[in-house]
Amino acid sequence: MAGTELYEKFMALHTREGGHVLPNAWDAVSALILADAGFEAIGTSSAALAATLGRLDGRHSVSAKEHLGHAALLARVTGLPVNGDFEDGYGETAQDVAATVNAAVDHGLAGIGIEDTSGNTEAPIRGFDDAVNRVRAAVRAAKGRIVVTGRTDNYLQGRPDLDDTIRRLTAFAEVGADVLFAPFPPDLDSLVKIITAVAPTPVNVLISPADHVLTVAELQKVGVKRVSLGPALYANALTALEQAAQALQRGDIATATAGIGFGRVNDLLAAAS
């Protein structure tokens with residue numbers, strides 16, 4: 001499955017009643033576990049991928065080639081639609097963003113996110129016109145072959161400006177973005193204002209508003225169409241590893257080695273091969 005058919009399959013998850021949950025994997029086995037749990041699509045996480053490579057997220061430290069290969073692996077082993085969390089589109093110009101979108105289609109991705117970030121810690125958010133032009137270029141390159149998510153990171157980058165966030169998301173929708181995303185609005189009221197302002201374009205939420213973690217049902221009730229987890233599942237797995245390491249340091253081998261067992265891993269890999 002590729003191109004328009006894959007676009008339509010992935011987009012249908014966003015337009016149906018209730019939308020869907022898009023958990024983010026960080027390697028083949030985590031993707032297989034999520035697929036086996038019944039999720040219908042998965043996402044990459046730029047932060048989790050960077051961490052697995054010993055790098056920081058949002059600094060252009062992971063190349064487009066590396067992320068494309070990673071996302072293609074997740075799609076290949078699971079057979080599920082995969083959404084690529086592709087930072088700012090991997091390039092300084094709008095034309096570079098378009099090239100990344102075309103490459104994502106060629107690698108079999110179902111969706112791609114384009115942020116308004118810059119990778120510059122001193123000026124982390126791009127100017128309005130630049131940000132909109134980059135999403136416009138992504139949409140033109142996508143041509144209905146891949147779902148484009150337009151994302152503003154105002155809140156993540158310490159710019160708590162709801163009006164500017166809505167202005168950017170509205171502009172992204174006007175140039176054709178299929179899905180809109182502003183990680184961690186401060187509260188539910190702000191989230192509802194975003195959803196209302198950009199309707200009927202589907203809105204993705206990263207976990208919840210910043211002040212309180214809600215349930216999937218609570219998010220769906222206010223109109224959220226996609227719930228993503230970013231690096232949270234990866235951090236959850238690392239929590240288990242840290243606890244196991246502490247147990248081993250105490251001499252408690254049984255606790256340190258408790259888990260699903262590697263036979264389960266082999267079974268998942270065998271089923272995917």
Side-chain angles (χ1 to χ4, degrees), residues 1-25 31 34-35 37-46 67-68 71-72 74-76 78-87 89 97-98 100-116 132 134-152 168-183 191 194-207 216-217 219-230:
M1 187 186 305
T4 302
E5 185 180 2
L6 186 57
Y7 168 89
E8 291 176 350
K9 179 179 180 179
F10 189 40
M11 196 64 207
L13 300 179
H14 299 78
T15 56
R16 70 186 183 186
E17 184 70 25
H20 69 119
V21 176
L22 184 78
N24 305 75
L34 295 171
F39 291 101
E40 298 169 90
I42 57 175
T44 68
S45 163
S46 65
H67 202 154
L68 285 163
L74 303 189
R76 185 170 68 251
T78 64
L80 294 178
V82 170
N83 186 74
D85 178 27
F86 270 45
E87 301 188 44
V97 174
T100 299
V101 171
N102 282 316
V105 173
D106 292 342
H107 280 73
L109 273 68
I112 186 168
I114 306 297
E115 305 168 6
D116 59 2
V132 174
R134 292 166 73 85
V135 174
R136 179 186 290 111
V139 170
R140 288 177 176 173
K143 298 176 183 175
R145 300 175 298 160
I146 187 171
V147 173
V148 175
T149 298
R151 167 174 160 173
T152 177
R168 287 172 180 255
L169 293 179
T170 301
F172 297 161
E174 289 174 348
V175 298
D178 300 294
V179 182
L180 302 170
F181 183 15
L191 173 59
I194 289 170
I195 293 170
T196 302
V198 303
T201 308
V203 171
N204 179 94
V205 167
L206 176 61
I207 303 174
V216 171
L219 291 169
Q220 291 173 336
K221 185 177 180 180
V222 298
V224 172
K225 287 297 187 178
R226 189 173 82 194
V227 181
S228 62
L229 282 295

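Taking every heavy atom of both residues into account, Thr170 and Ala197 meet most closely at OG1-O, 4.4 Å. Annotation for Ile114 and Ala138: closest pair CG1-CB, 3.9 Å, computed over non-hydrogen atoms. The minimum heavy-atom distance linking Leu169 with Ala182 is given by the pair CD1-CB, 4.0 Å. The shortest heavy-atom contact between Ala177 and Val135 is CB-CG1, 4.1 Å. When all heavy atoms of Val148 and Ala142 are compared, the pair lying nearest together is CG2-CB, 3.6 Å. Nearest heavy-atom pair across Leu74 and Ala31 is CD2-CB, 3.8 Å.
Here the side chain of Ser46 pairs no donor or acceptor atom with the backbone of Phe86 at under 3.5 angstrom.
Leu219 contributes atom CG, which lies 10.5 Å from atom CD1 of Ile207 (distance to the nearest 0.5 angstrom). Atom OG of residue Ser228 and atom CG of residue Asp85 lie 8.0 Å apart, to the nearest 0.5 angstrom.
For the side chain to side chain contact (heavy atoms under 4.5 Å, CB included) test, residues two or more places apart in sequence or in another chain that qualify with Thr201 are Ala173, Leu180. With sequence neighbours left out, the side chain to side chain contact (heavy atoms under 4.5 Å, CB included) criterion links Thr15 to Met11. Under the side-chain hydrogen bond (donor to acceptor under 3.5 Å, both in side chains) criterion, Ser45 pairs with no residue at all, not counting sequence neighbours. Applying the side-chain hydrogen bond (donor to acceptor under 3.5 Å, both in side chains) criterion to Asp116, with sequence neighbours excluded, gives Thr152, Arg168. Applying the side-chain hydrogen bond (donor to acceptor under 3.5 Å, both in side chains) rule to Arg226 yields the partners His14, Thr149, Asn204; only residues at least two apart in sequence or on another chain are considered. Remark: Ala171 pairs with Phe128, Val132 by the side chain to side chain contact (heavy atoms under 4.5 Å, CB included) rule, at least two apart or across chains. For Glu87, there are no salt bridge (Lys or Arg N to Asp or Glu O under 4.0 Å) partners, not counting sequence neighbours. With sequence neighbours excluded, the residues that form a side chain to side chain contact (heavy atoms under 4.5 Å, CB included) with Ala110 are Leu6, Phe10, Pro81. Partners of Phe181 by ring pair (Phe, Tyr, Trp, His ring centres under 6.0 Å), not counting sequence neighbours: none found.
The shortest distance between side-chain heavy atoms of Thr100 and Ile112 falls below 4.5 Å. Side-chain contact check for Val21 versus Leu229: some heavy-atom pair is nearer than 4.5 Å.
A side chain to side chain contact (heavy atoms under 4.5 Å, CB included) with Leu34 is found for exactly one of Asn24, Ile42, Leu22, namely Ile42.
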Which donor-acceptor pairs under 3.5 Å do the side chains of residues 102-109 make with protein atoms, sequence neighbours left out?
residue : atom : partner : partner atom : Å
Asn102  : OD1  : Arg145  : NH2          : 2.7
Asn102  : ND2  : Ala98   : O            : 3.3
His107  : ND1  : Ala103  : O            : 2.8

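Within the structure, salt bridge (charged side-chain N to carboxylate O under 4.0 Å, His left out) contacts touching residues 10-24 (residues at least two apart or in different chains) are Arg16-Glu40.
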